[in-house]
Amino acid sequence: MEVRVRYAPSPTGLQHIGGVRTALFNYFFAKSNGGKFILRVEDTDRERYSDESLQDLYDTLDWLGIKWDEGPVVGGPCGPYIQSERFSIYQEYAKKLVEMGKAYYCYCSAERLEALRQKQIEEKSPVQGYDGHCRNLTAEQRAELEAQGIKPVIRLKVPREGSTTFHDVLMGDITRDNKDISPDPVLLKSDGFPTYHLANVIDDHMMGITHIMRAQEWIPSGPLHVLLYQAFGWEIPTYCHLPMVMGNDGHKLSKRHGSTSVRDFRKKGYLPEALLNYVSLVGWSYDGEKEFFSREELEKCFSLEKINKAPGVFDYQKLDWFNAQYIRRKSDSELADLLMPYLVEAGLLEEGAKDRLLAFVPGIKDRITLLSDVVPMASFVKDSGEPEASLLIPKKMDATGTLDALKHVYDTVKVGLEAGKNDEELQQDLMDLATKLGIKNAGVFNPLRTAVTGMAVSPPPFSCIRLLGKEESYRRIERAISVLEKEIENV
RNA sequence: GGUUCCAUCGUCUAGGGGUUAGGACGGGAGAUUCUCAGUCUCUAAACAGGGGUUCGAUUCCCCUUGGAACUACCA
């Protein structure tokens with residue numbers, strides 16, 4: 001039988017790490033089994049729905065390179081794949097359940113329900129949830145309530161006796177006494193839209209979903225869903241509840257732990273391959289040794305058996321490490337293209353200046369963890385004015401010695417640059433110069449660095465000169481020389 | 001409160017009746033270097049506790065403890 005799995009998010013917020021992890025595991029499971037990955041939009045909560053969230057869903061999956069076989073935009077044989085467009089289907093099936101005597105209309109007000117809940121919490125009642133108030137309404141009572149214009153909801157009749165068991169690939173059998181299952185949950189809301197439970201079960205069945213892979217937070221509603229499948233007389237899919245993704249305090253990952261939306265990570269300059277690689281390793285491993293996986297590799301080697309049962313803490317530091325690793329694997333040209341938008345946005349570079357950026361890239365490739373790290377490193381492009389003499393003079397050197405060194409450096413650099421030498425050759429020239437002058441390498445490199453960038457810490461001087469351009473670099477070195485000359489005069 | 005799930009270094013994990021319990025991030029030390037990074041080498045660091053089963057348990061079973069999730073006309 002063909003494997004058919006789905007990722008079924010609700011567009012009520014930006015895609016976050018936890019959701020993406022679920023999407024990835026479903027996708028990789030489908031691909032590694034030659035099955036289909038289906039995307040379904042569960043937009044039955046009209047209160048919290050937003051177009052932005054829906055767009056963010058598409059953008060996120062695109063960015064990660066995850067293509068869905070069936071779903072919105074691409075269509076498929078089981079459409080529509082957006083639940084709000086399946087409105088009438090849920091109505092029909094909910095009514096069918098009522099006709100079969102497995103569900104009933106409920107007219108209770110939100111106020112009554114709220115009061116009930118408060119009371120249960122205060123009393124620390126072992127039973128929490130609906131009290132079945134409308135379970136046995138007579139036709140007359142119903143007619144009267146209808147006449148008052150009350151829009152009813154439809155609730156499932158959950159058996160009070162017995163227990164319900166479902167099998168989970170990872171967890172084994174999970175059993176719950178029926179009395180502990182959410183008592184008579186709402187299936188169809190008063191606005192006519194289904195709740196998650198109803199829509200989810202109907203769609204998974206109608207779309208031929210074979211495996212339900214979702215986070216462990218859904219375990220408690222497993223028995224309820226099984227009850228629903230049984231009520232309809234449908235086959236129960238295979239369950240696989242994924243370990244949750246936690247923050248460093250051991251609680252479900254959320255905004256208070258830091259960025260969690262993929263959009264944030266993307267904006268900060270994380271690479272999709274790094275995020276995908278790292279997220280795939282939270283709750284899953286291959287052999288405990290190999291840890292670099294491309295999307296294509298994961299599409300082949302992902303397997304359910306290697307999923308961990310215990311929840312995993314999302315480690316921002318390890319993600320950073322992965323990102324730095326992936327940045328280093330980029331070609332200079334690719335990286336330059338990736339970096340350009342950050343520099344343009346910061347007003348440090350013009351769109352067309354890729355050549356200059358390309359020459360700067362080798363100097364920063366090993367120094368950045370996030371793409372956005374390039375901004376502070378290239379900030380010297382904006383002239384911060386005449387540098388302080390003290391900044392120009394290296395430790396254990398004086399103004400006179402520094403001036404002498406910088407003049408020689410200037411000549412050497414200018415000659416080399418005009419002769420078209422590369423960074424390695426220029427570097428060698430300066431090292432030779434230091435030897436000739438009888439000073440340490442730092443004595444030539446540091447004055448050059450501070451003269452050109454105005455910073456004590458910077459990428460290699462020649463990389464900076466490439467980014468800045470020859471003429472501006474010469475101007476800054478000349479300026480530094482005059483600063484030193486003035487300094488000597490004043491003493 | 002009730003229900004369910006979970007438990008190997010700080011973190012992600014490998015392993016599995018007999019191992020020096022392996023790897024990675026992070027930490028520490030050293031080397032390299034023009035600053036900062038990076039890179040390389042070395043290093044500290046774990047089977048939650050108690051009972052069983054067994055010749056032998058970190059591994060299998062039970063209990064305890066700890067943690068988490070759920071408990072909506074949200075998903």
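Naming: A, B, ... by sequence-line order, numbering from 1 per chain. Keep in mind that the numbers below use all heavy atoms, side chains included, and drop hydrogens, waters and symmetry copies. The shown structure was predicted, so the numbers you read here are calculated from the model rather than taken from an experiment.
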- Query: Atom CG of A/Leu370 to atom P of B/G38: distance rounded to whole Å?
  - Reply: 13 Å
- Note on the structure: Here the distance between atom P of B/U3 and atom CG of A/Leu224, to the nearest Å, is 18 Å
- Are the side chain of A/Gln216 and the backbone N or O of A/Lys309 linked by a donor-acceptor pair below 3.5 Å? yes
- Message: Test your reading of the model: is there a side-chain donor-acceptor pair from A/Arg86 to the backbone of A/Pro80, 3.5 Å cut-off?
- Response: yes
- Query: Is a salt bridge present between A/Glu217 and A/Lys252, judged by a nitrogen-to-oxygen distance below 4.0 Å?
  - Reply: yes
- Message: At less than 4.0 Å, is any side-chain N or O atom of A/Lys306 found next to OP1 or OP2 of B/A14? Yes or no.
- Response: no
- Query: Taking the P atom of each, how far is B/U19 from B/G38, in whole Å?
  - Reply: 39 Å
- Applying the 3.5 Å cut-off to both distances, the Watson-Crick or G-U partner of B/G26 turns out to be none
- Please give the nucleotide sitting opposite B/U65 as a Watson-Crick or G-U wobble pair, both distances under 3.5 Å, or none. B/A7
- Phosphate-side-chain proximity, A/Lys189 and B/A75, N/O vs OP1/OP2 below 4.0 Å: yes
- Message: Is there a side-chain contact between A/Asn308 and the phosphate of B/A7, meaning an N or O under 4.0 Å from OP1 or OP2?
- Response: no
- Item | Identity of whatever pairs with B/G2 - Watson-Crick or G-U, under 3.5 angstrom | B/C70
- Message: On RNA chain B, does the nearest nucleotide to A/Phe314 precede the nearest nucleotide to A/Lys124 from the 5' side, or the other way round? Give the residue.
- Response: A/Lys124
- Which part of the nucleic acid, if any, lies within contact of A/Gly222, taking any heavy atom under 4.0 Å across all strands shown: a base, the sugar-phosphate backbone alone, or nothing? nothing
- Task: Taking A/Ser125 for its side chain and A/Val127 for its backbone only, find out whether a donor-acceptor pair lies under 3.5 Å.
- Result: yes
- Contact pattern, 5' to 3', of nucleotides 60-72 of chain B - B, S or - by protein heavy atom under 4.0 Å: --------SSSSS
- Item | A/Asp131: salt bridge (charged side-chain N to carboxylate O under 4.0 Å, His left out) partners, not counting sequence neighbours | A/Arg112
- Is there a side-chain contact between A/Tyr196 and A/Thr44 (heavy atoms, below 4.5 Å)? no
- Pick base, sugar-phosphate or nothing for A/Pro194, based on heavy-atom distances below 4.0 Å to the nucleic acid. sugar-phosphate
- Note on the structure: Of B/G2, B/C5, B/A75, the nucleotide closest to the side chain of A/Met171 is B/C5
- Query: With a 6.0 Å cut-off on ring centres, are A/Phe293 and A/Phe302 close enough?
  - Reply: no
- Quick one: list whatever passes side-chain contact (heavy atoms from CB on, under 4.5 Å) with A/Asp320, sequence neighbours left out. A/Tyr270, A/Thr369, A/Leu370
- Note on the structure: So the salt bridge (charged side-chain N to carboxylate O under 4.0 Å, His left out) pairs with at least one residue in residues 172-196 of chain A (sequence neighbours excluded) are A/Arg135-A/Asp184, A/Arg160-A/Asp184, A/Asp177-A/Lys179
Going by atom type alone, with no hydrogens or angles, which donor-acceptor pairs under 3.5 Å involve a side-chain atom of residues 241-250 of chain A and a protein atom two or more places apart or on another chain?
| from | atom 1 | to | atom 2 | distance (Å) |
| --- | --- | --- | --- | --- |
| A/His241 | ND1 | A/Asp168 | OD2 | 2.7 |
| A/His241 | NE2 | A/Arg214 | NH1 | 3.1 |
| A/Asp249 | OD1 | A/His251 | N | 3.0 |
| A/Asp249 | OD1 | A/His257 | NE2 | 2.6 |
| A/Asp249 | OD2 | A/Arg256 | NH1 | 3.0 |
| A/Asp249 | OD2 | A/His257 | NE2 | 3.2 |

- Query: With a 4.0 Å cut-off on heavy atoms, is A/Cys108 in touch with a base, just the backbone sugar-phosphate, or nothing at all?
  - Reply: base
- Listed partners of A/Ala94 passing side-chain contact (heavy atoms from CB on, under 4.5 Å), at least two apart: A/Ile154, A/Leu188, A/Leu198
- Message: Using the P atom as the point on both nucleotides, what is the distance between B/A14 and B/C6, in whole Å?
- Response: 15 Å
- Heavy-atom contacts, protein to nucleotides 18-32 of chain B, under 4.0 Å, summarised as B (base), S (sugar-phosphate only) or - (none) per nt, yield ----BBBSS------
- Message: Please classify the nucleic acid contact of A/Ser10 as base, sugar-phosphate, or nothing, using heavy-atom distances under 4.0 Å.
- Response: sugar-phosphate
- Given B/U39, is OP1 or OP2 found less than 4.0 Å from the side-chain N or O atoms of A/Arg328? yes
- Round to a whole Å and report the spacing from CD1 of A/Ile121 to C1' of B/G1. 10 Å
- Heavy atoms of other groups near A/Lys157 NZ, more than 12 under 6.0 Å: yes
- Query: Using a cut-off of less than 4.0 Å, is there contact between a side-chain N or O of A/Gln325 and OP1 or OP2 of B/U39?
  - Reply: yes
- Query: If only atom types and distance count, is the side chain of A/Tyr105 paired as donor or acceptor with the main-chain N or O of A/Lys151 below 3.5 Å?
  - Reply: no
- Task: Taking atom P in both B/C5 and B/A44, compute the distance separating them and give it to the nearest angstrom.
- Result: 40 Å
- Task: Just jot down the side-chain hydrogen bond (donor to acceptor under 3.5 Å, both in side chains) partners of A/Glu52, sequence neighbours excluded, or say none.
- Result: A/Arg263
- Message: Please classify the nucleic acid contact of A/Pro460 as base, sugar-phosphate, or nothing, using heavy-atom distances under 4.0 Å.
- Response: base
- Quick one, which residues of residues 196-207 of chain A touch RNA chain B with a heavy atom under 4.0 Å? A/Tyr196
- Task: For A/Val282, report the nucleic acid contact type (base, sugar-phosphate, nothing); a contact means any heavy atom under 4.0 Å.
- Result: sugar-phosphate
Within the sub-3.5 Å range, which N or O atoms of nucleotides 42-48 of chain B have a protein N or O partner, and how far apart are they?
none

- So what does A/Glu47 touch, heavy atoms closer than 4.0 Å: a base, only the sugar-phosphate, or nothing? nothing
- Using a cut-off of 4.0 Å on non-hydrogen atoms, how would the nucleic acid contact of A/Thr175 be classed: base, sugar-phosphate, or nothing? sugar-phosphate
- Query: Between B/C74, B/C5, B/C12, which one does the side chain of A/Ile219 approach most closely?
  - Reply: B/C5
- Could you give me the CA-CA distance, side-chain angles and deciding distance for A/Tyr27 and A/Phe29, then say whether ring-ring contact (aromatic ring centres under 6.0 Å, His included) is met? CA-CA 5 Å; A/Tyr27 172 81; A/Phe29 177 63; over 10 Å; no
- Message: Can you tell me the base-pairing partner of B/G18? Count Watson-Crick or G-U wobble geometry only, both distances below 3.5 Å, and say none if there is no partner.
- Response: B/C55
- Look through every strand shown and name the nucleotide pairing with B/A31 as Watson-Crick or G-U wobble, where both distances are under 3.5 Å. B/U39
- Answer yes or no: side-chain N or O of A/Thr195 and base N or O of B/C73 forming a donor-acceptor pair under 3.5 Å. no
- Query: Between A/Lys395 (NZ) and B/C34 (P), how many Å, whole number?
  - Reply: 14 Å
- Query: If you measure from the C1' atom in B/A75 to the same atom in B/A69, how many Å do you get, rounded?
  - Reply: 15 Å
- Nucleic acid contacts - residues 443-452 of chain A versus RNA chain B, non-hydrogen atoms under 4.0 Å: A/Phe445, A/Asn446, A/Arg449
- Message: Return whichever of A/Ala8 or A/Pro461 has its heavy-atom-nearest nucleotide of RNA chain B closer to the 5' end.
- Response: A/Pro461
- Item | Polar side-chain atom of A/Thr260 near backbone of A/Ser254 as donor-acceptor pair, under 3.5 Å | no
- Return yes if some donor-acceptor pair links the side-chain N/O of A/Thr22 with the main-chain N/O of A/Gly18 below 3.5 Å, else return no. yes
- Message: Pairing check on B/A45: which nucleotide meets the Watson-Crick or G-U wobble criteria with it, both distances under 3.5 Å?
- Response: none
- Task: Determine: side-chain N/O of A/Ser285 to OP1/OP2 of B/A14, distance under 4.0 Å, yes or no.
- Result: yes
- Any residue meeting side-chain hydrogen bond (donor to acceptor under 3.5 Å, both in side chains) with A/Lys255, in chain and number order, not counting sequence neighbours: none
